[in-house]
Amino acid sequence: QVQLAESGGGLVQAGGSLRLSCAASGLTFSNSAMGWFRQAPGKEREIVASISWSGSSTYYADSVKGRFTISRDNAKNTVYLQMNNLKPEETAAYYCAGKEARFASSYYNMAQQYDYWGQGTQVTVSS
């Protein structure tokens with residue numbers, strides 16, 4: 001059974017930082033592309049960042065470029081999202097997603113492309 005467990009969310013002031021973690025089990029993590037999505041109340045789930053299983057390829061939504069960093073540690077079966085200079089409009093539930101991929105450089109940006117999802121962790125940014 002595949003499990004993705006997010007942690008690291010919380011309440012932070014605007015301009016602050018948080019580091020989200022997603023621990024994976026039950027899938028071949030070292031061959032899985034991973035992604036972070038977020039969903040605010042009343043809005044659609046949107047991609048934040050994604051990373052190939054080798055870590056060689058990454059993608060960032062335009063809104064987070066230069067402030068967020070996605071990374072992974074295949075030895076620990078964990079993917080991270082470092083978020084700096086957070087904004088109030090980034091208050092949302094953040095979700096980790098995974099998909100076993102054939103190619104080392106493949107990454108995915110659409111929610112429907114992913115097979116596995118975590119339960120989410122809430123990030124609240126106060127103004």
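Here the closest heavy-atom approach between residue P88 and residue S127 is recorded as CG-CB, 3.8 Å. Nearest heavy-atom pair, A33 versus S106, reported as atom, atom and distance to 0.1 Å: CB-O, 3.6 Å. Contact between S30 and W53 at its shortest, heavy atoms only, is O-CE3, 2.9 Å.
Residues forming a salt bridge (charged side-chain N to carboxylate O under 4.0 Å, His left out) with K65 (at least two apart in sequence, or on another chain): D62. Every residue meeting the salt bridge (charged side-chain N to carboxylate O under 4.0 Å, His left out) condition with E46, not counting sequence neighbours, appears here in chain and number order: R38. Scanning for side-chain contact (heavy atoms from CB on, under 4.5 Å) contacts around A40 gives K43, A92, with sequence neighbours left out. Considering only residues two or more places apart in sequence or on other chains, S32 meets the side-chain contact (heavy atoms from CB on, under 4.5 Å) condition with L27, M34, E100. Applying the side-chain contact (heavy atoms from CB on, under 4.5 Å) test to V12 and every residue at least two apart in sequence or in another chain returns L18, L86, V125. Here N84 pairs with S17, Q82 under the side-chain hydrogen bond (donor to acceptor under 3.5 Å, both in side chains) rule; sequence neighbours left out.
Counting heavy atoms from C-beta outward, T91 and E89 have side chains that stay 4.5 Å or more apart. The closest side-chain heavy-atom distance from S50 to W36 is not below 4.5 Å. Side-chain contact between Y95 and E6 is present, with heavy atoms from C-beta onward closer than 4.5 Å.
L81 and V64 fall within the same hydrophobic cluster, where Ile, Leu, Val, Met, Phe, Trp and Tyr residues are linked whenever their side-chain heavy atoms come under 4.5 Å apart, directly or through other members. Transitive grouping of hydrophobic side chains (ILVMFWY, heavy atoms separated by less than 4.5 Å) brings L20 and F68 into a common cluster. Under the 4.5 Å side-chain contact rule for hydrophobic residues, Y107 and Y114 share a cluster. If you chain together hydrophobic residues whose side chains sit under 4.5 Å apart, I70 and Y59 never meet in one group.
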Q: Test F29 against V79 for side chain to side chain contact (heavy atoms under 4.5 Å, CB included), laying out the working first.
A: CA-CA 10 Å; F29 184 80; V79 61; 4.3 Å; yes

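Just one residue in the list I47, I51, V48, T69 forms a side-chain contact (heavy atoms from CB on, under 4.5 Å) with Y60, and that residue is T69.
Taking the six-membered ring wherever Trp is involved, the centroid distance between the rings of F37 and W117 falls below 6.0 Å.
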